[in-house]
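All ligand and atom numbering here is 1-based and tracks the order in the structure. Quick note: numbers below take in every heavy atom, side chains included, and nothing from hydrogens, waters or symmetry partners.
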Amino acid sequence: MNAKKTRVAILISGRGSNMRSLVDAARGKNYPAEIVLVLSNKAEAEGLAFAKAFSDREAFERVLQAKLLEHGVELVCLAGFMRVLTAWFVEQWREKMLNIHPALLPSYRGLHTHERALADGVKIHGATVHFVSPEMDAGPIVAQAAVPVLDSDTPDALAARVLEQEHRIYPLALSRVASGAARVEGFRVRIAGEPSAPAALIWPAN
Ligand code: GRF
């Protein structure tokens, strides 16, 4: 018999490939989360279930919050959601909202991470799933994946290598948070069951 699954909403703004990886993972019988809602703040976003343009951030978030509560959402996953959230909204979902960022945080917060990594000449880059805190791209880290930076890389080639890993670590991280295995202790997220199940992946994956 299946245990009760955690009810998850995914917020997107565009392509939605991470959203698809979460939806696919959640189809698994033993996956601890179910995706009950996908919301977009952009009318043209793919995979759209709900969209409306709001000029006022607070009005947007009030409607968003009402939708989430209406659907009994317990966890929120930001997946390429390009709208900055207010401290009020972040506080409503403290330790209950995840984001995926295309860099190894705390390096390269913000935008254009692949261009910046190439410009700096780093040899290792990657992706991070973290809890959302009021400061952008700064919450406790749940999972990370590292990839090599190759001499031949363009920003797009590097982004593609990172994205492949994003699609692995986001379902992994959501599973650990939804099942209760991941617990926040200060700035650290401890995963019950480690070290047999580390929350870090190194490319090439096995
Ligand atoms: C991903 O690279 C994610 O890390 C970043 O925005 C991108 C979204 O891509 N936050 P997609 O919409 O999930 O395909």
Donor-acceptor pair, distance only, cut-off 3.5 Å: does the side chain of [X] make one with the backbone of [Y]?
{"X": "Thr6", "Y": "Ala178", "value": "yes"}
{"X": "Arg116", "Y": "Arg109", "value": "yes"}
{"X": "Gln165", "Y": "Arg161", "value": "no"}

Can you tell me which residue and heavy atom of the protein come closest to atom 9 (O) of ligand 1, and the distance to 0.1 Å?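 Here the closest protein heavy atom is Arg15 NH2, 3.0 Å.
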
Among protein heavy atoms, which sits nearest to atom 12 (O) of ligand 1, and what does the distance come to when rounded to 0.1 Å? Gly16 N, 2.8 Å

So among Ile124, Val122, Val162, which one has a side chain to side chain contact (heavy atoms under 4.5 Å, CB included) with Val149?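 The residue from Ile124, Val122, Val162 that satisfies side chain to side chain contact (heavy atoms under 4.5 Å, CB included) with Val149 turns out to be Val122.
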
Heavy atom to atom 11 (P) of ligand 1, shortest distance: which of Ser13, Ser21, Ser17, Ala79 holds it? Ser17

Of the listed options His167, Glu166, His114, closest to atom 3 (C) of ligand 1 (non-hydrogen atoms):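 Looking at heavy atoms only, the winner is Glu166.
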
Heavy atoms of Val73 and Leu37 approach each other most closely as CG2-CD2, 4.4 Å

Going by distance only, is there an N or O of [X] that falls short of 3.5 Å from an N or O of ligand 1?
{"X": "Gly14", "result": "no"}
{"X": "Asn99", "result": "no"}
{"X": "Met19", "result": "no"}

Does Ile100 reach ligand 1, in the sense of a heavy atom lying below 4.0 Å from it? yes

Any chance CD of Glu58 has more than 12 other-residue heavy atoms, nucleotides or ligands included, within less than 6.0 Å?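 Count not over threshold, so no.
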
Within a distance under 4.0 Å of any heavy atom of Gly80, pick out the atoms of ligand 1 and give their elements. 6 (O), 8 (C), 10 (N)

Measure up the His130 and His101 rings against each other and bin them: parallel (under 30°), tilted (30 to 60°), perpendicular (over 60°). perpendicular

